[in-house]
Amino acid sequence: MANHLPIVQFEEKIMKTVEDNAVVVIIGETGSGKSTQLSQMLHRRGYTKSGIIAVTQPRRVAAVSVARRVAQELGVTLGEEVGYAIRFEDRTSDLTRIKYLTDGVLLRECLSNPELDQYSVIILDEAHERSLNTDILLGLVKRLVKVRASKLKVLITSATLDGEKVSEFFSDCPVLNVPGKLYPVEIMYSEESPKSYIESSLRTAMDIHVREPEGDVLIFMTGQESYLAIPYTFVVNSHVFPMTLQVRVFSPPPPNCRRFIVATNIAETSLTVDGVVYVIDSGYVKQRQYNPSTGMYSLDIVQISKVQANQRAGRAGRTRPGKCYRLYSSEAYQEEFLDVTVPEIQRSSLAGSVLYLKSLDLPDIDILKFDFLDPPSFESLEDALKQLHLIDAIDDTGLITSVGKTMAELPLEPSLSRTLMEANENGCLSQALTVAAMLSAETTLLAAQRLCQYSGKSNEKKRKHPPPDLPDGSGWGDHIQLLQIFEQWDQNEFDIGWCKNNGLQVRGMMFVKDVRRQLSQLMQKIAKGSLNGRTNERYKERQRGYKNLRKALCVGYANKLAERMVQHNGFRTIGFKPQLVQVHPSSTLKTDEDGMFPNYIVYHELIATSRPFMRNVCAVEMEWVSPILKKLEKLNIDKLSGGSGHSIREENEKKVSSLPKKEEAVAGVPDDSESRIQAARDRFLARKGKK
DNA sequence: GAGCACTGC
């Protein structure tokens with residue numbers, strides 16, 4: 001059955017270690033079998049008698065496919081003893097003893113059951129990927145181990161370098177290594193960094209094609225521009241695929257044909273292509289990062305980490321020995337590359353996560369003292385608190401409000417959940433639900449349309465942004481347009497053909513429907529009006545509805561407000577270090593007869609691409625903005641963070657005169673969080689001093 | 001007047 005998997009030989013040792021320790025870190029490389037076997041071993045040893053074994057995965061597909069596999073190996077029906085739970089789909093039952101789930105679902109479960117006491121074992125799989133959710137779970141689980149004493153076992157599985165660090169986080173818990181089942185991969189470095197990565201990877205690909213025996217070539221690049229730049233048929237007897245053409249990539253190649261697959265980091269984790277023997281690694285990745293002082297995201301091309309480089313190389317050794325051509329020098333790898341990828345928690349806006357943690361209402365957890373494996377910057381936490389206060393989720397002392405409590409239960413970013421709450425008061429909840437659902441899927445909605453634009457660019461006139469038959473938001477902006485699009489789809493009885501005709505991705509629109517249904521269910525018990533999403537027939541009624549909706553959006557997006565500059569159409573952001581930003585050209589927001597945009601707008605996102613842009617904007621009125629400006633004037637960040645500035649200084653002084661208080665160690669997990677928090681504070685204070 | 005990598009509740 002699964003006896004060929006390397007991990008099976010380590011069963012005795014792993015089980016003994018788990019028996020003796022509350023937390024164990026297991027380092028297992030690709031192909032070790034950890035995802036499918038650990039749960040079964042624990043099941044055999046009786047750990048499912050006192051509770052369920054939970055195994056988290058960062059991705060939905062992984063949760064489903066691993067669960068299916070385990071059910072098969074145990075010879076049981078999926079959904080009975082072995083099941084899975086992902087968003088929109090819970091295939092578990094009263095019989096379920098082994099449950100695979102996404103890390104996001106487990107986090108949501110904490111809301112109704114903070115101690116997760118239905119579980120006897122929690123396995124956080126793929127922890128090295130350091131997804132935002134896994135990082136939060138790591139902190140929560142560390143606490144749970146203390147609270148639930150010896151009744152809970154925790155396994156953290158990780159690949160490659162950072163196992164020691166996770167062990168340190170869990171007070172030097174044991175680390176077990178399980179070998180993977182990879183074939184050796186020979187690493188070749190370039191002598192120097194190339195001037196053009198596209199050109200250099202082409203040349204390398206050519207060399208491989210001419211000199212090396214059969215085997216497909218996987219090329220890691222940063223984005224779409226490289227797909228377009230690489231000519232499709234640059235050598236005979238070969239095929240070049242962008243990874244997006246999944247159907248062709250996954251069907252077997254024609255005989256005597258070498259495939260060249262150009263991919264982004266999607267091929268690092270999510271997709272595996274059989275037959276790859278050669279990897280070409282540009283050494284770069286496109287990464288989204290958040291700047292808490294400006295509230296702006298940027299998409300930057302950055303050097304990958306050593307972990308990522310090794311992950312990429314590993315893709316060459318899955319079926320037989322392979323080769324990896326790195327388009328950078330070994331010195332660069334050794335000296336410039338970071339050991340591990342900067343975790344998501346240090347690259348994202350934390351408003352949602354902070355609200356979530358506050359809503360758990362754990363007696364011993366203060367958000368600024370929360371024990372993260374890698375703490376986010378103080379600035380980032382303060383930014384989150386400020387934003388949450390502006391949208392009434394926390395009061396001026398940082399305590400969660402009743403509005404905030406309800407917001408946290410919605411699977412939405414805080415601006416949108418606040419909009420729903422306000423819309424419920426305004427009598428436009430149904431419309432707000434639609435907008436929130438549309439924005440949740442926004443990036444996947446218009447993709448088809450954009451591709452159309454690309455391909456038609458050379459020979460026909462460029463198409464105007466909204467194709468003629470899509471609504472235009474009545475001039476109020478993109479939120480209203482998204483609402484109108486969904487309403488039209490509804491009027492067309494959710495016809496798939498209608499989506500296609502209007503350049504909307506069917507899968508994206510189906511996702512919107514799912515999200516909307518889920519949100520409606522969650523809001524049902526507090527909803528004050530009908531949620532059926534139908535359009536009001538009468539023009540006047542519709543306009544009044546839009547006004548109420550815009551008003552609700554203004555309350556929800558009080559943390560994302562911009563003011564137009566006098567005499568031109570640039571905007572200044574409010575509430576952050578002021579930035580000059582533009583309405584994104586794809587926006588449907590209309591100008592007045594003088595060509596001017598409204599004086600105030602809210603935006604869904606600030607993103608710096610070629611220039612700083614506001615994406616998805618909505619016009620709001622001055623009278624709605626005034627109270628927000630007043631609130632901003634009164635904002636006191638020290639008070640919000642529980643008087644952090646003062647109290648931290650005081651606590652620091654106290655510590656000089658008395659020994660640090662050690663909490664009692666339970667279940668072999670002594671507490672080292674104080675020193676880690678101390679270090680974060682020191683960094684914070686040092687920065688403050690410099691200013 | 002531009003076009004964005006990948007996930008997830």
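Model, not experiment: these values are computed from the prediction. Each chain gets a letter, A, B and so on, in the order its sequence line appears, and its residues count up from 1.
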Using a cut-off of 4.0 Å on non-hydrogen atoms, how would the nucleic acid contact of V105(A) be classed: base, sugar-phosphate, or nothing? sugar-phosphate
In this structure, are over 12 heavy atoms from other groups packed under 6.0 Å from R347(A) atom CZ? yes
Not counting sequence neighbours, which residues clear ring-ring contact (aromatic ring centres under 6.0 Å, His included) with F613(A)? List them please. H584(A)
5' priority, DNA chain B, between V285(A) and S440(A) [closest heavy atom]: V285(A)
If only side-chain N and O atoms of R60(A) are considered, is one of them under 4.0 Å from the OP1 or OP2 phosphate oxygen of dT7(B)? no
One thing to verify: whether R615(A) and D478(A) come together as a salt bridge, which I'm taking to mean a side-chain N less than 4.0 angstrom from a carboxylate O. no
Just call it for T102(A): base, sugar-phosphate, or nothing, with non-hydrogen atoms closer than 4.0 Å on any strand. sugar-phosphate
Of E605(A) and Q57(A), whose nearest nucleotide on DNA chain B comes first from the 5' end? E605(A)
Nearest to the side chain of H584(A), heavy atoms from C-beta on, is which of dC9(B), dC4(B), dG3(B)? dG3(B)
Between dG1(B), dG8(B), dC4(B), which one does the side chain of K286(A) approach most closely? dC4(B)
Side chain of R59(A), heavy atoms from C-beta onward: which of dC9(B), dG1(B), dT7(B) has the nearest atom to it? dT7(B)
Would you mind classifying the nucleic acid contact of L107(A) as base, sugar-phosphate or nothing, using non-hydrogen atoms under 4.0 angstrom? nothing
Does Y290(A) have any side-chain hydrogen bond (donor to acceptor under 3.5 Å, both in side chains) partners at least two apart in sequence or in another chain, and if so, which? D383(A), Q387(A)
